[in-house]
Engineer: 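I'd like to ask some things about the structure below.
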Amino acid sequence: MPNLTILSWPNLQSLAMATTNLQFLQNPFPRPTFSSKYLVMRAPKMVFKCGCSSSSSVGGDAFSLTSSSKCDVDYLGESTKGDLNINLKHLENFGLDGQATLEGPIEQVARLEAEEAGSLLRDLGIPSPSAARLSPRGIFCTRTLNLRSISAIGYDMDYTLIHYNVMAWEGRAYDYCMENLKSMGFPVEGLAFDPDLVIRGLVIDKEKGNLVKADRFGYVKRAMHGTKMLSTRAVSEMYGRELVDLRKESQWEFLNTLFSVSEAVAYMQMVDRLDDGVIPADLGPLDYKGLYKAVGKALFRAHVEGQLKSEIMSKPELFVEPDPELPLALLDQKEAGKKLLLITNSDYHYTDKMMQHSFNRFLPNDMGWRDLFDMVIVSARKPEFFQMSHPLYEVVTGEGLMRPCFKTRTGGLYSGGSAQMVENSLNIHGDEILYVGDHIYTDVSQSKVHLRWRTALICRELEEEYRALIHSRGPRATVVELINQKEVVGDLFNQLRLALQRRTEGRPAQTLAATNMDDRELTESMQKLLIVMQRLDEKIAPLLEADGELFNKRWGFLSRAGLWDKSHLMRQIEKYADIYTSRVSNFLNYTPFMYFRSQEQTLAHDTYSHYCSEHNGSSTN
C-alpha cells in the first residue's frame, strides 16, 4: 500500500506554496472551508498535481513515484508500482516532520481520518468509490487489482467503447441473416426478431436443438427447445446425467456477447421450422447441428459482405448509443500516465467512423479520438491475436492503404499483428497491462490465459439486472422465509420419522420423550407436518419459477441460476475477469489510481460466525 503522511493545513499550505509548478485540482481554493483538521495525501485521493508533462516528476521534489525497478509487493500480493510517496527530505527542508502529527494509536488516527475524508468528499460533491460500488454502475472486483500498477490499458471497441442499441443493431443483423437463409431455400416467412428470447450467458446444445441455462457447476437449470420452454421434469430427464462442458465445442456454443443474440434467436426459430417438417427436402438431410451451421453461415455472410456495416456507417445515430462520459474517463487515464490501446477486430473504415461519431464531439480542445490512444490495432483477429503472431501492417492513408511493418511506434495505426508485438513495442508485459472487453472468451479469457494480462469485462445488462434485483428483494425475502419455515418443519418431521422407524424395528427412539410418544400422537403429528410441507411446496414452487422474471421472464437473472446459486456465466466472469462493470465510463466514478479490493467470499461453513455470536464469542477446547 502507498506511504501515508498526514499534514495539518498550515504546514500543507506552506509546502504547496514553496513547491514549484503545483496547482490545485478542479476548483482552486485558498483555504478549505470544511471542518477537516488534517488533509490526507495518498495516490488515489491526490489534492494537487504537477503541471509539468512528465508523470515521473509529479509534484517536483515533493513526491516520488514508485518505478517498475523499485516496486515491491504489498500484503495483498499486488505490485506497488505507481504508488506515490512523500519525499521526507523535502519535508525536512521546510522544518516539517511527516510523523509529528500522528498522535495516538494509528487505529484511532485512521478512524478519525476516514470519517473526515468521507465528510470532505461530501463537501466537494465527489461520490466515494464505496458509494459507486453500491449502484448499478459500480465496478465490481473478483480479484484484487491495483490500478496504479497498470502501465497500459487496452480496449476492445464493439460493445465496449461503442455500445449499440441491441434492438437496432442485432435486429438488422437478424434481418440480413434471414434474407440469406431465404436465398438458401429456408422458410423464414412470419418470423421476427425477438431479443427477449435469449440472454447472454446461455449455451446452445447443437445436438438437441436446445438453449440451456447452467449453474456454475454445469448442471442445466432451465432449457428451451426451439422457442418453447421445457418443464423442470423434462430438463431433469434430458440433462440429469449430463453437464455442460464448454470444452466440447462440437456440442456446446456459449453466448459470450450481445453479438450472439441475433444468431441464437434465428437458430431457435429455425429449430421450430425443422421440427414442423417445413424445411424443403432438397436442402439435404438436416439435423440440429447441421441447422446451426446453416444459420451461422447465413449470419457470417451478413458480416463479411459488408451490407450490414455499410448501413450502420451511413446512419450511426440509429444504432449507436453515445456515452458523453466515456471519452473523459479515458482522458483521465491517459493524463495519469497510462498508455491507451485500441485493439479491435473491426476494420479500419468501420472503426474510424464509429469512433469519430462516439468520441470526437465529447473531447476537449479539438481533440480527435486518435489523440487518446498510444496505439490502434484494427482487424486484430482476436482471439488469435493473443495466441500467435500474424503479419503486421501499418495503415498509412485515410483510405486505409497499408504497408508491411515490423515495428510499431507511439501513435501508430496498425492492422493485424499480435499481443506479443504490443508488449515488446511498449516494453510492458503481463500484469502491467489491463485489457477491457465484452467477450468473455475472445477478450477476457484468452488475454489472461496466454499473457497473464489483467482483465475487465463490460456487461451492459448488469445495470438492468441490478435494478431488477432491488425490486425483487421483497419476493425473494418471502421465498427465503418460506424455505426456512419448511426446513424447521422438515427437521421435526424427519426426527419423528426416524423415531417411527426405530419403533417399528423394536429399538428406542432418539430420546426418552420420543420413545414414550403415543403411536397415534406420533402418526397424527407426522401427517400434519407432511400436509404443512406440501402446502409450503405449492407456495414456494411458483415463487421460485417467477424469480428473476423482472430481468427476463424465460431465463431469470443473468448472474444467477436459482435462488442462491451462480450461473455458468457468472462463474466464467469470476474465473477470467479481475473486475467487471456495465460500461467503461464507470471508471469516472473512481480514479486512475484506484485500488480495487475483492470482497470476502462466503463459504458454506462460514456458519461459524453465527456459532460464535450465539455463544458470546467463547471458544471450545
Side-chain angles (χ1 to χ4, degrees), residues 1-32 36-76 78-102 106 109-110 113-114 116-117 120-121 124 126 128-129 145-153 331-340 428 432 587 590-596:
M1 298 294 289
N3 292 339
L4 172 67
T5 299
I6 303 177
L7 302 177
S8 61
W9 174 253
N11 288 342
L12 177 62
Q13 188 179 40
S14 63
L15 172 62
M17 293 174 62
T19 305
T20 60
N21 209 17
L22 292 176
Q23 63 184 44
F24 283 101
L25 285 175
Q26 305 298 329
N27 300 318
F29 47 89
R31 185 179 181 87
S36 178
K37 181 180 178 182
Y38 301 111
L39 197 57
V40 181
M41 297 188 297
R42 69 172 83 227
K45 298 289 185 289
M46 281 301 301
V47 179
F48 45 77
K49 71 174 183 179
C50 179
C52 54
S53 59
S54 173
S55 61
S56 63
S57 58
V58 176
D61 297 330
F63 304 102
S64 62
L65 199 65
T66 305
S67 64
S68 298
S69 60
K70 295 183 179 180
C71 69
D72 201 348
V73 177
D74 66 19
Y75 52 77
L76 292 180
E78 292 297 303
S79 170
T80 60
K81 176 183 174 295
D83 283 0
L84 200 63
N85 307 292
I86 290 180
N87 191 330
L88 296 180
K89 290 184 178 180
H90 190 273
L91 293 178
E92 292 171 358
N93 292 337
F94 295 96
L96 303 176
D97 182 355
Q99 302 298 322
T101 57
L102 288 177
I106 185 59
V109 174
E113 291 304 324
E116 295 191 349
L120 173 57
L121 285 171
L124 294 177
I126 301 174
S128 68
L145 171 65
N146 180 6
L147 205 55
R148 299 190 291 275
S149 69
I150 297 298
S151 300
I153 305 178
L331 197 58
D332 277 348
Q333 294 171 356
K334 184 175 182 65
E335 292 174 346
K338 314 294 185 189
K339 294 185 181 298
L340 300 187
I428 301 173
E432 290 184 278
F587 279 104
Y590 301 81
T591 72
F593 319 107
M594 182 67 188
Y595 195 105
F596 292 101

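None of these values were measured; they are calculated from a predicted model.
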Engineer: Working to the nearest 0.5 Å, report the span between CD of Q333 and OG1 of T591.
Structural biologist: 10.0 Å
Engineer: Contact between Y590 and L147 at the side-chain level, heavy atoms closer than 4.5 Å - yes or no?
Structural biologist: no
Engineer: Under the rule for side chain to side chain donor-acceptor pair (under 3.5 Å), what residues qualify as partners of E432, not counting sequence neighbours?
Structural biologist: S68, S151
Engineer: Do D74 and Y595 make a side-chain contact, defined as non-hydrogen atoms from C-beta onward lying under 4.5 Å apart?
Structural biologist: yes
Engineer: Hey, are the side chains of N146 and D83 touching, using non-hydrogen atoms and a 4.5 Å cut-off?
Structural biologist: yes
Engineer: Checking T66 now: which residues fulfil side chain to side chain donor-acceptor pair (under 3.5 Å) with it, not counting sequence neighbours?
Structural biologist: N85
Engineer: Over all heavy atoms of both residues, which pair between S79 and S149 is shortest? Give the atoms and the distance, please.
Structural biologist: O-CB, 3.8 Å
Engineer: Can you tell me how far the CZ atom of R148 sits from the NZ atom of K338, to the nearest 0.5 Å?
Structural biologist: 9.0 Å
Engineer: Can you measure from CD1 (I106) to CD (E113) and round to the nearest 0.5 angstrom?
Structural biologist: 9.0 Å
Engineer: Is L65 close to L84 at the side-chain level, that is, under 4.5 Å between some pair of heavy atoms?
Structural biologist: yes
